[in-house]
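Chain letters run A, B, ... following the sequence lines, proteins first, then strands; residues in each count from 1.
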There are 2 protein chains.
Amino acid sequence: MKKSQQIIQNQTENENIVDDNAFLNKLIVGIGEVSEITGIPQRQLRYWQDKGIIKTYDKNCSVRRFNYPEIKKIILIKELLDEGYTLETAAQKVTKRLQLIQETFSKFKK
Amino acid sequence: MKKSQQIIQNQTENENIVDDNAFLNKLIVGIGEVSEITGIPQRQLRYWQDKGIIKTYDKNCSVRRFNYPEIKKIILIKELLDEGYTLETAAQKVTKRLQLIQETFSKFKK
DNA sequence: CTTAAATTGTAAATAAACTACAATTTAGGG
DNA sequence: CCCTAAATTGTAGTTTATTTACAATTTAAG
């Protein structure tokens with residue numbers, strides 16, 4: 001690979017990662033899309049939200065909408081449910097795990 | 001930073017990037033969310049789609065839904081419009097640019 | 001001023017999501 | 001097996017979002 005080509009390569013690649021991050025941070029999706037992405041029925045997602053396990057982005061909004069961290073949480077909870085944990089403990093474990101990741105990253109930023 | 005910490009750091013970081021990519025590839029959003037993310041009115045997005053400038057994910061679907069590459073395209077088109085290009089030429093330029101990126105990446109994969 | 005492109009407005013119809021009930025299923029302990 | 005609480009699912013009726021199909025308005029350039 002020529003050097004000039006490599007530079008273009010790295011530029012577009014980094015650009016994409018930056019873009020993707022910005023996009024993910026802006027992203028707030030409705031329950032239909034979350035359901036399709038995760039494979040979890042809408043009904044079940046509503047149930048989890050009613051129980052306070054997951055949170056919608058804007059509580060005053062008449063429609064459930066979720067941001068990216070919350071969708072991650074949903075996916076992780078589902079994994080632990082499939083492993084046999086109860087909803088409550090699955091949620092607790094996920095919360096702890098996400099906190100750990102958060103802490104690790106904040107150390108990294110110092 | 002201790003070495004063990006660094007390993008954890010890199011693991012979670014890479015994990016996230018992989019997850020984010022998988023997520024972005026699955027993601028298909030409705031016109032409302034695209035409009036909010038991009039700041040472009042729904043009416044305008046429908047107009048662009050009617051003209052064939054942008055494409056919905058599933059043409060047989062009764063509702064407009066867009067995947068991530070298409071949303072990227074929308075954002076880029078808006079940028080060029082703001083710079084004064086016409087819709088047609090903006091769309092052409094963006095298409096070419098995305099092709100270039102595509103080619104560059106496919107070379108990288110070899 | 002004219003023309004074509006681009007955007008915007010809106011009413012009526014269709015589709016998606018919500019709520020508020022309740023029924024059903026599941027997992028464990030006794 | 002029975003019972004209980006957790007978890008999930010079903011659904012009717014209502015609200016909200018989106019679409020279509022018309023047309024009007026604005027914008028840019030010759």
Contact state string [nucleotides 15-30 of chain D, B base, S sugar-phosphate only, - no protein heavy atom under 4.0 Å] = -S-SBBBBB-------

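By the salt bridge (charged side-chain N to carboxylate O under 4.0 Å, His left out) test, Glu88(B) pairs with no residue at all, sequence neighbours left out.
Residues Gln99(B) and Thr95(B) meet the side-chain proximity criterion, which asks for heavy atoms closer than 4.5 Å. At a threshold of 4.5 Å between non-hydrogen side-chain atoms, the residues Asn67(A) and Leu27(A) do not count as touching.
Axis angle between the ends of the helix from dC1(C)-dG30(D) to dG30(C)-dC1(D), five pairs each and rounded to 10 degrees, works out to 40°.
Between Lys93(B) and Glu83(B), no side-chain nitrogen of the basic residue sits less than 4.0 Å from a carboxylate oxygen of the acidic one, so the salt-bridge criterion is not met. For Glu33(A) and Lys26(B), the salt-bridge test fails: no basic side-chain N is under 4.0 Å from an acidic carboxylate O.
Within 6.0 Å of the OH atom in Tyr68(B), the count of heavy atoms belonging to other residues, nucleotides or ligands exceeds 12.
Screening residues 29-66 of chain B for ring pair (Phe, Tyr, Trp, His ring centres under 6.0 Å), with sequence neighbours left out, gives no hits.
Once rounded to the nearest 0.5 Å, the distance linking CD1 of Ile31(B) with OG1 of Thr38(B) reads 9.5 Å. Taken from CD in Gln42(B) to CG in Leu45(B), the straight-line distance is 7.5 Å, to the nearest 0.5 Å.
Screening Ile74(A), Leu76(A), Ile75(A), Thr89(A) for a side-chain contact (heavy atoms from CB on, under 4.5 Å) with Val94(A), the sole residue that qualifies is Leu76(A).
Trp48(A) has a side-chain polar atom (N or O) that falls below the 4.0 Å cut-off from OP1 or OP2 of dT8(D).
Here dA5(C) presents its P atom at 6 Å from NZ of Lys51(B), a figure rounded to the nearest Å. Atom P of nucleotide dT9(D) and atom CD of Gln44(A) are separated by 5 Å, given to the nearest angstrom. dA6(D) atom P lies 8 Å from atom OH of Tyr47(A), rounded to whole Å.
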Expected list for residues 49-56 of chain B: side-chain donor-acceptor pairs under 3.5 angstrom, two or more places apart:
{"residue": "Gln49(B)", "atom": "OE1", "partner": "Arg64(B)", "partner atom": "NE", "Å": "2.4"}
{"residue": "Gln49(B)", "atom": "OE1", "partner": "Arg64(B)", "partner atom": "NH2", "Å": "3.4"}

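Residue Leu81(A) is in sugar-phosphate contact alone, with no base atom involved, counting any heavy-atom pair closer than 4.0 Å across all strands shown.
Annotation: proximity of residues 67-80 of chain B to DNA chain D (heavy atom, distance under 4.0 Å) is found for no residue.
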